[in-house]
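Everything on this sheet refers to the single structure shown next.
One-based numbering along the sequence shown.
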Amino acid sequence: MKRRFLSFLRKYWFCILLSVIMVFGISLSTIYADLYISGDVDDMLRFDLRDVYLVFCLPLYSLIYGCLSFLKTRKILLQQLILYIVSFLYWFRFDIGELLWPGTYLWSIFPVVFSLIGTLFTALVCYIVKSAKEYNG
């Protein structure tokens with residue numbers, strides 16, 4: 001059992017590290033979440049650093065996670081499961097006061113969907129390259 005667990009960690013350490021970095025980014029954007037206001041009274045723009053991170057940075061990071069983790073492991077579902085578990089543990093444990101159960105599930109699936117898009121795109125590109133090499137060679 002110990003050997004299987006260590007071989008799992010050896011094979012998927014990259015996915016676990018990237019997932020923890022994503023959660024660390026969410027934590028930092030929550031800690032340093034300031035409300036920024038710019039513009040006049042008539043044309044005011046208000047945004048929060050956490051909202052900007054969740055709307056723009058998290059999907060981009062998830063796409064990159066999907067691409068890199070597929071290139072490293074050549075698996076599709078297990079790396080998504082790792083990302084979901086790490087994300088769910090963060091939203092369940094650290095934001096339990098702010099989110100209800102539906103919010104916990106929603107924000108846990110949000111990065112997984114974008115990561116799956118990146119993974120499938122990378123898998124398609126790798127399949128096309130492999131097919132082209134077999135056709136030419």
Side-chain angles (χ1 to χ4, degrees):
M1 183 73 174
K2 180 181 173 184
R3 186 175 300 160
R4 287 182 62 196
F5 181 71
L6 290 176
S7 68
F8 174 81
L9 285 179
R10 191 175 315 119
K11 187 171 184 178
Y12 294 103
W13 68 269
F14 190 67
C15 298
I16 295 169
L17 178 69
L18 289 177
S19 299
V20 170
I21 289 172
M22 180 198 69
V23 167
F24 187 67
I26 294 171
S27 298
L28 286 179
S29 71
T30 302
I31 292 170
Y32 297 111
D34 293 331
L35 181 64
Y36 296 100
I37 301 172
S38 66
D40 302 358
V41 175
D42 298 331
D43 189 27
M44 189 180 330
L45 177 65
R46 298 178 59 172
F47 62 92
D48 189 6
L49 180 64
R50 182 177 185 204
D51 297 338
V52 170
Y53 182 81
L54 290 177
V55 171
F56 296 112
C57 298
L58 189 63
L60 180 66
Y61 185 82
S62 297
L63 285 170
I64 293 170
Y65 169 86
C67 295
L68 292 177
S69 61
F70 179 78
L71 291 174
K72 176 77 173 159
T73 62
R74 298 289 183 192
K75 303 276 188 221
I76 293 177
L77 293 179
L78 195 57
Q79 65 194 18
Q80 306 305 325
L81 183 64
I82 291 170
L83 179 64
Y84 178 75
I85 289 172
V86 170
S87 179
F88 179 79
L89 289 176
Y90 170 75
W91 289 111
F92 179 73
R93 173 65 179 106
F94 296 110
D95 267 354
I96 193 78
E98 295 179 19
L99 293 175
L100 299 173
W101 281 98
T104 302
Y105 292 124
L106 175 75
W107 285 111
S108 298
I109 292 176
F110 181 66
V112 174
V113 169
F114 284 100
S115 174
L116 189 60
I117 292 169
T119 300
L120 293 176
F121 178 75
T122 306
L124 177 67
V125 169
C126 290
Y127 178 75
I128 290 172
V129 168
K130 182 181 174 183
S131 297
K133 284 182 181 179
E134 289 177 359
Y135 180 73
N136 291 333

> Under the ring pair (Phe, Tyr, Trp, His ring centres under 6.0 Å) test, which residues partner Tyr61, sequence neighbours left out?
Replying inline: none
>> I'd like to check the side-chain hydrogen bond (donor to acceptor under 3.5 Å, both in side chains) partners of Ser69; sequence neighbours left out, ordered by chain and number.
In response: Gln79
> Would you say Ser29's side chain and Ile26's backbone share a donor-acceptor pair under 3.5 angstrom?
Replying inline: yes
> Does anything in residues 8-19 pair up under side chain to side chain donor-acceptor pair (under 3.5 Å), and if so which pairs, sequence neighbours excluded?
Replying inline: none
> Hey, does Phe121 have a side-chain heavy atom less than 4.5 Å from the side chain of Leu63?
Replying inline: no
> What is the minimum heavy-atom distance between Ser87 and Ser108, and which atoms define it?
Replying inline: OG-CA, 3.4 Å
> Is there a chain of hydrophobic side chains (I, L, V, M, F, W, Y, each step under 4.5 Å between heavy atoms) that links Ile21 to Leu58?
Replying inline: yes
>> Quick one, Phe14 and Leu71 - any side-chain contact, counting heavy atoms below 4.5 Å?
In response: no
>> Let's go through Arg74 and Cys126 carefully: what are the C-alpha distance in whole Å and the side-chain angles of both, what is the deciding distance for side chain to side chain contact (heavy atoms under 4.5 Å, CB included) to 0.1 Å, and is it a yes or a no?
In response: CA-CA 10 Å; Arg74 298 289 183 192; Cys126 290; 3.2 Å; yes
> Between Leu78 and Phe8, does a side chain to side chain contact (heavy atoms under 4.5 Å, CB included) hold up when you go through it step by step?
Replying inline: CA-CA 11 Å; Leu78 195 57; Phe8 174 81; 3.8 Å; yes
> What closest approach, in Å, do Pro59 and Val55 show between heavy atoms, and which atom pair accounts for it?
Replying inline: CG-O, 3.3 Å
>> Within the structure provided, determine whether Met22 and Val86 are in side-chain contact (heavy-atom separation under 4.5 Å).
In response: no
Just list the side-chain donor-acceptor pairs under 3.5 Å for residues 129-137, sequence neighbours left out, or say none.
{"from": "Ser131", "atom 1": "OG", "to": "Tyr127", "atom 2": "O", "distance (Å)": "2.9"}
{"from": "Asn136", "atom 1": "ND2", "to": "Ala132", "atom 2": "O", "distance (Å)": "3.3"}

>> Quick check for you: to the nearest 0.5 Å, what is the distance between Ile85 atom CD1 and Ile16 atom CD1?
In response: 9.5 Å
>> With a 4.5 Å cut-off on side-chain heavy-atom distances among I, L, V, M, F, W and Y, is there a chain of contacts connecting Phe70 to Leu17?
In response: no
> Should Ile76 and Leu116 be marked as a side chain to side chain contact (heavy atoms under 4.5 Å, CB included) after you check the CA-CA gap, both sets of side-chain angles, and the distance that decides it?
Replying inline: CA-CA 8 Å; Ile76 293 177; Leu116 189 60; 4.0 Å; yes
>> Just verifying a value: how many Å separate Lys72 NZ and Cys67 SG, rounded to the nearest 0.5 Å?
In response: 16.0 Å
>> Going by the rule ring pair (Phe, Tyr, Trp, His ring centres under 6.0 Å), which residues pair with Tyr53 if we only count those two or more places apart in sequence or in a different chain?
In response: none
> How many angstroms lie between atom CG of Leu68 and atom OG1 of Thr73, to the nearest 0.5 angstrom?
Replying inline: 10.5 Å
>> Take a 6.0 Å sphere around CG of Leu77 and say whether it holds more than 12 heavy atoms from other residues, nucleotides or ligands.
In response: no
> Once you round to the nearest 0.5 Å, how far does OH of Tyr65 lie from OG1 of Thr119?
Replying inline: 8.0 Å
>> For Phe110, give me all partners under ring pair (Phe, Tyr, Trp, His ring centres under 6.0 Å), at least two apart in sequence or on another chain.
In response: Trp107, Phe114
>> For the OG atom of Ser115 and the CG atom of Leu18, what is their distance to the nearest 0.5 Å?
In response: 9.5 Å
> Would you call Leu124 and Leu120 a side-chain contact if the rule is heavy atoms closer than 4.5 Å?
Replying inline: no
